[in-house]
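The structure appears right after this line, and notes come after that.
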There are 2 protein chains.
Amino acid sequence: MSLRNALLAMLTSQPMTGYDVYKNFQTSVGYVWHAPDSQIYPELRRMEQDGLIRGESVAWGKRGTKKRYSITEAGVESFQRWLNEPPDYQRERDPIRLRAAYLEWADPKASMDFFTAHIAYHSARIDDWKEMIRTLRDHSNPTLAKRIEGKPPEDADRITAYKVFAYEGMIARARAEIEWAEGGLDLVGKLEKTDQAKPLDDPQ
Amino acid sequence: MSLRNALLAMLTSQPMTGYDVYKNFQTSVGYVWHAPDSQIYPELRRMEQDGLIRGESVAWGKRGTKKRYSITEAGVESFQRWLNEPPDYQRERDPIRLRAAYLEWADPKASMDFFTAHIAYHSARIDDWKEMIRTLRDHSNPTLAKRIEGKPPEDADRITAYKVFAYEGMIARARAEIEWAEGGLDLVGKLEKTDQAKPLDDPQ
DNA sequence: ACAGACTATCTATGGCGATAGATAGTCGGC
DNA sequence: GCCGACTATCTATCGCCATAGATAGTCTGT
């Protein structure tokens, strides 16, 4: 159900076409939620049927048309209902930790690469999110700008603060991952330091 | 493909029935990976077809039988190949952060509850994982005991260390979540402190 | 001897999501 | 006036996963 709410969230800022949403999922909002277009278009159609959004065809060039969706009152209510619900957590399913738990079976070199890749990945994400926070804080983010236009400054600040805070959460988690992976590099170095160290290749 | 590798990982310790696997996914290993039985049994059948595991019917009581699976050499190879691959990361899809980013639409009380629930959830997980680490360190964990039996102490230590380290990673991440959520409580308290503060209920 | 808890396995349905590929129109630049 | 990049939308398939429910045997205690 989160895809639906991610779409509603976006449409609270301004009316958008499926393609606009898709683009946003690849950049800004995409750092928190992502979906391919093959999921977006059908979901928008279903949401229209459910009365959460309303679509209107708008001209695009001479012959082309596109469909722009606006959130309805029912859509806002549904979105708020979701926000007010207690969160639900699914059971853990963590491929990274799963692998880490069995590194005695891996090649030591591959284990080092694994942690190095983990650090690189999360460092890159931190850069993305920091940049995102920058565009939020200076209001150069177009979606945010649309969202706060015409609002009193306190509301604008409040809206911005929650978004910044969400990205700070992503950064905090990524930092924890990096620290952990650095510990992993140390651990592998310590445990596999001898030349003759090799992965277990004999089951049982 | 991670379910398959989680199953292989478990079977490197000892032969197991589908039900054994299911039980483990509800407790010990379940803190890192989880799957319902309706996923486990068919996947085991497919893995047997692919030659990664071998099943044998064993008697159970007078009339009953159960199927116990052992990992094959091909299974070990496949598992190691996975461990040596570079990790792949999917795009972000974070319902918690998604919600946090739009709390201006939520009821302040619900926002507080949201962060409180987040803290409670992750605190509970930390307790689980700490207990898990305890049973690993003192070798009272039966799966680990089976896994290291007959192995020289250095190997036993190495095997244990990776497992402990994986759970430490879970704990580190959970701590980051708790810290973030505490910041969330402060933020909501600060932004919504006035009595007349209420969620935006006017779209556009 | 029976109840109740547990072991063991299976099927069905539906949503979510990844991947791939198809179609068609627009717009800017050479 | 055509090409290439982009906008806009759609379909199909497949694997993963949640949820629900069915079946049948075992084991323990009263």
Side-chain angles (χ1 to χ4, degrees), chain A residues 1-8 10 15-27 29-30 32-50 53 55-69 82 87-95 98, chain B residues 1-8 10 15-27 29-30 32-50 53 55-69 82 87-95 98:
Chain A
M1 273 301 88
S2 280
L3 169 60
R4 179 165 287 212
N5 288 297
L7 295 173
L8 289 176
M10 249 190 262
M16 285 184 185
T17 67
Y19 191 71
D20 292 335
V21 169
Y22 164 67
K23 285 269 122 177
N24 274 311
F25 272 159
Q26 289 198 318
T27 56
V29 193
V32 172
W33 198 268
H34 173 261
D37 65 329
S38 63
Q39 238 191 312
I40 294 166
Y41 289 111
E43 183 64 22
L44 287 173
R45 271 180 267 140
R46 261 173 266 135
M47 288 164 73
E48 184 173 20
Q49 282 202 324
D50 294 348
I53 58 178
E56 39 154 4
S57 285
V58 294
W60 168 53
K62 285 190 257 304
R63 262 160 309 176
T65 53
K66 55 183 180 178
K67 201 154 186 187
R68 185 162 45 206
Y69 292 99
W82 175 68
D88 72 319
Y89 296 88
Q90 25 261 87
R91 305 291 308 262
E92 298 293 336
R93 201 171 266 118
D94 186 336
L98 178 63
Chain B
M1 274 300 88
S2 279
L3 169 61
R4 178 164 289 213
N5 288 298
L7 295 173
L8 289 175
M10 250 190 261
M16 284 183 185
T17 67
Y19 191 71
D20 292 335
V21 169
Y22 164 67
K23 285 270 122 176
N24 274 311
F25 271 160
Q26 288 197 320
T27 56
V29 192
V32 172
W33 198 269
H34 174 260
D37 65 327
S38 63
Q39 237 191 312
I40 294 166
Y41 289 111
E43 183 63 23
L44 286 172
R45 271 181 266 141
R46 260 173 266 133
M47 288 165 73
E48 185 173 20
Q49 283 204 324
D50 293 349
I53 58 179
E56 39 155 3
S57 285
V58 294
W60 167 53
K62 288 190 252 304
R63 263 160 307 179
T65 53
K66 54 183 179 177
K67 201 155 186 188
R68 185 161 46 207
Y69 292 99
W82 175 68
D88 72 321
Y89 295 87
Q90 25 260 87
R91 304 291 308 263
E92 299 293 337
R93 199 171 268 117
D94 186 336
L98 178 62

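Since the model is a prediction, treat every value here as computed from it, not as a measurement. Just so it is clear, the values below take in all heavy atoms, side chains as well, and ignore hydrogens, waters and symmetry mates.
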Exercise for the section: Please state how far atom OH in A/Tyr89 lies from atom P in D/dC17, giving the value in whole angstrom units. Expected result: 21 Å
Problem - Value in whole Å for how far the P atom of D/dC16 lies from CE of B/Met47 - result: 11 Å
Completion exercise
For B/Asp20, the salt bridge (Lys or Arg N to Asp or Glu O under 4.0 Å) test, sequence neighbours excluded, returns none
Handout entry: Between C/dG17 (C1') and A/Trp33 (CH2): distance, integer Å
Key = 10 Å
Exercise for the section: Report yes if the side chains of A/Val21 and A/Val29 come closer than 4.5 Å at any heavy-atom pair, otherwise no. Expected result: no
Practice task
Run the ring-centre check on A/Tyr22 versus A/Tyr19 and record whether the distance is less than 6.0 Å.
Solution key: yes
Handout entry: Distance test, side-chain N/O of B/Arg68 to OP1/OP2 of C/dT9, below 4.0 Å
Key = no
Exercise for the section: Quickly work out the A/Arg46 CZ to C/dG15 P distance and round it to whole Å. Expected result: 8 Å
Fill in the blank from the handout: Rounded to whole Å, the CD-P distance (B/Glu43 to C/dT11) equals 15 Å
Handout entry: Side-chain N or O of B/Tyr19 closer than 4.0 Å to phosphate OP1/OP2 of C/dT7
Key = yes
Handout entry: Residue closer to the 5' end of DNA chain C, B/Lys67 versus A/Ser2 (nearest nucleotide)
Key = B/Lys67
Practice task
With the side chain counted from C-beta on, respond yes when A/Arg45 and A/Glu48 share a heavy-atom pair under 4.5 Å apart, and no when they do not.
Solution key: no
Handout entry: A/Tyr41 side-chain N/O to D/dT9 phosphate OP1/OP2 under 4.0 Å
Key = yes
Problem - Note, A/Phe25 side chain near B/Arg91 side chain (heavy atom, < 4.5 Å) - result: no
Can you give me the N/O atom pairs linking the protein to nucleotides 19-23 of chain D at distances under 3.5 Å, or say none if there are none?
residue	atom	partner	partner atom	Å
D/dT19	O4	B/Ser38	OG	2.6

Problem - Out of D/dC10, C/dT26, D/dA18, whichever nucleotide has its closest atom nearest the side chain of A/Trp60 - result: C/dT26
Practice task
Specify the separation, in whole Å, of atom CE of A/Met16 and atom C1' of D/dT7.
Solution key: 15 Å
Handout entry: Given DNA chain C, 5'-ward residue of the pair A/Gly64 and B/Gln90, judged by closest heavy atom
Key = B/Gln90
Practice task
Answer yes or no: does atom CZ of B/Arg4 have more than 12 heavy-atom neighbours from other residues, nucleotides or ligands under 6.0 Å?
Solution key: yes
Practice task
Measure the distance from NZ on A/Lys66 to C1' on D/dC10 and round it to the nearest whole Å.
Solution key: 18 Å
Practice task
Could you check whether B/Arg4 gets within reach of a base, just the sugar-phosphate, or nothing at all, counting any heavy atom under 4.0 Å?
Solution key: nothing
Exercise for the section: Looking at every strand, decide which applies to B/Arg45 at a 4.0 Å heavy-atom threshold: base, sugar-phosphate, or nothing. Expected result: sugar-phosphate
Practice task
Report yes if the side chains of B/Leu44 and B/Lys67 come closer than 4.5 Å at any heavy-atom pair, otherwise no.
Solution key: no
Exercise for the section: Take the protein atom CG of A/Asp88 and the nucleotide atom P of C/dC16, then report the distance between them rounded to whole Å. Expected result: 13 Å
